[in-house]
Protein chains: 2
Amino acid sequence: MTDQDTHLVLERLLRLRDRREPLVAQIAEWVGAGIIEGRLEAGQDLNSVDLSRRFDTSRTPVREALMLLEQEGLVEMKARRRPRVAAPSLQDIRDIYQVRKNLLAMLAGLLVERASDEELTELRTRVERMRKLADDGDVDSYFWSHVLLQERMTEIVGNPTLKQILDSLALRTLMLRHLSLTRAGRLSYSVDDQERLLQACEERDGELASALIAGATVRAQRAVEEQLEQDATARGRKPVRRRRAAD
Amino acid sequence: MTDQDTHLVLERLLRLRDRREPLVAQIAEWVGAGIIEGRLEAGQDLNSVDLSRRFDTSRTPVREALMLLEQEGLVEMKARRRPRVAAPSLQDIRDIYQVRKNLLAMLAGLLVERASDEELTELRTRVERMRKLADDGDVDSYFWSHVLLQERMTEIVGNPTLKQILDSLALRTLMLRHLSLTRAGRLSYSVDDQERLLQACEERDGELASALIAGATVRAQRAVEEQLEQDATARGRKPVRRRRAAD
DNA sequence: GGGTGAGATAGTGTCGACACCGTTGCATTG
DNA sequence: CAATGCAACGGTGTCGACACTATCTCACCC
């Protein structure tokens, strides 16, 4: 999985194709990728003057790109204040995972109902490739394959509204998940989860599939929280980079 | 419920307070209210030149307001094409209600878990007022009270992510619901649903509350679909104003 | 007469400018 | 020395202008 692919995935998750000018898309992809990869850290200033200089454009397309990322929860904008990289609180993260868990359970149920055998075979192929990546410890490739897998599932289910919401929640968790997947052992747990989920789908057991994906989500959340905890203690007494009190 | 109140509700649903300049907020509220009230009909041209003339501003804040409404699904924008009032297909509507049903069930479960007795009393008062409005046949007031009731419930549950998604879905269904609630008998059915839901909450029966709200959502969807069908046949042979083939 | 294409029309995307406001650093005061 | 006020700086929101392009109109052709 190259940088090029990263941008292609982001282009789809942000629904940039045909919806925005290439210039805006380019900026949104660069900033979005930066946030997810951790190149831009939470709370960091994203003022439109600097960005417009970097891309050698005026501030108008920069503002538009930032507004796109704001709606996906990656950027925080308040009127007359400088935009910043979003810094979700622990509570925010829990809320997001709670909703995500619920919607993924719904997705699994629909997948069991609607996926054709051919589509399940395709998903099976994907998971097998992910198993390989996990065994090789190729975190980055695994990470994006995971994103692609869920994207493909939402496509198969064919509810664009659901897909859009799940994509948005996925983006919010992506910066966190990138951390959490690097935790020792997470990769193999994760791929186990995917295999069990797919098996339940093949057996057309909607209840089980929903329960499995919900469980996997809870485990992902736990891994994220542990990683945050660890980061916090490693960073000194400063507990967690938290939202400003001024809010 | 006056026009003033309508705009206040929209201001909250669109999260305009502190997030956008008053000028942008004003435009977004006017257009949003117009779409919901049916003053602007589905598919109608929303070019930024006309709007900027109407509000005596430049096109910049107009574009920003339209982007806000696009993310809420009220407006469709494609690059280099004129923005239009969204025209969801029947399938889109079904998809939206499907997701909404699921999330409202989640909301009901959380409400049972988390609402204090005082908060339930407050909700009870609201529903009683709605009963009165329904008996009086005051469709508009009932309509907005209904919106407020659900907004309050999401606040009580205290999951901002969930609230934001439900608000967005609510906006999408609002233009439809306005139609559907005018159908004879819908008002009293609707208020019955709300009363049963609240009773289940008071009895702390999460399963029942979830089932009730899901059922109510399905009934609301059915009413919308019947109304659309009726409009379509009344409008001649042209079946349903559908999305352009050009997409 | 219906389809085709060139020209006219009109709206979008982007730009640089400017007024206004949030922020920062410093001097002043208790 | 900490707190407060002020002034310079820097960024945001809005504007009008302009190039580019989707759309409309109408003459032209078969």
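For clarity, every value in this text was computed on a predicted model and none was experimentally measured. Just so it is clear: chains get the letters A, B, ... in the order the sequence lines come, proteins before strands, and each one is counted from 1.
Nucleotide dT12(D) holds its P atom 13 Å from the CZ atom of Arg20(B), rounded to whole Å. Put simply, CD on Glu76(A) is 15 Å from P on dT12(D), counting in whole angstrom units. In this structure, the CZ atom of Arg82(A) is 6 Å from the C1' atom of dT23(C), given to the nearest Å. Whole-Å rounding puts the Asp56(A) CG to dT14(C) C1' distance at 13 Å. For the pair Gln26(B) CD and dT14(D) C1', the interatomic distance rounds to 14 Å; values are reported in whole Å. Rounded to whole Å, atom C1' of dA19(D) lies 15 Å from atom CG of Leu23(A). Rounded to whole angstrom, the span from the CZ atom of Phe55(B) across to the C1' atom of dG16(D) amounts to 20 Å. The separation between Asp45(A) atom CG and dG22(C) atom P is 16 Å, rounded to whole Å.
On a pure distance criterion of 3.5 Å, no polar donor-acceptor pair joins the side chain of Arg59(A) and the base of dG16(C).
To the nearest 0.5 Å, atoms OG1 (Thr161(B)) and CZ (Arg94(A)) are separated by 13.5 Å. A distance of 10.0 Å separates CZ in Arg152(B) from CG in Leu111(B), rounded to the nearest 0.5 Å. Residue Phe55(A) holds its CZ atom at 10.5 Å from OG of Ser52(A), rounded to the nearest 0.5 Å.
When each of dT14(D), dT23(C), dG11(C) is scored by its nearest atom to the side-chain atoms of Val49(B), the top-ranked nucleotide is dG11(C). Side-chain proximity of Val24(A) to dT14(D), dT12(D), dT14(C): nearest is dT14(C). The side chain of Arg80(B) lies closest to dG13(C) when the candidates are dT14(D), dG13(C), dT12(D).
Residue contacts shown for Pro83(A) are limited to sugar-phosphate atoms, with no base heavy atom under 4.0 Å away.
A donor-acceptor pair shorter than 3.5 Å can be found between the side chains of Gln91(A) and Asp95(A). A donor atom on one side chain and an acceptor atom on the other are not found under 3.5 Å apart for Glu226(B) and Gln230(B).
Mapping Thr57(A) and Arg81(B) onto DNA chain C by nearest heavy atom places Arg81(B) closer to the 5' end of the strand.
Between Ser48(B) and dG11(C), a side-chain N or O to OP1/OP2 separation shorter than 4.0 Å is absent. An OP1 or OP2 oxygen of dT14(D) is reached within less than 4.0 angstrom by no side-chain nitrogen or oxygen of Thr60(B).
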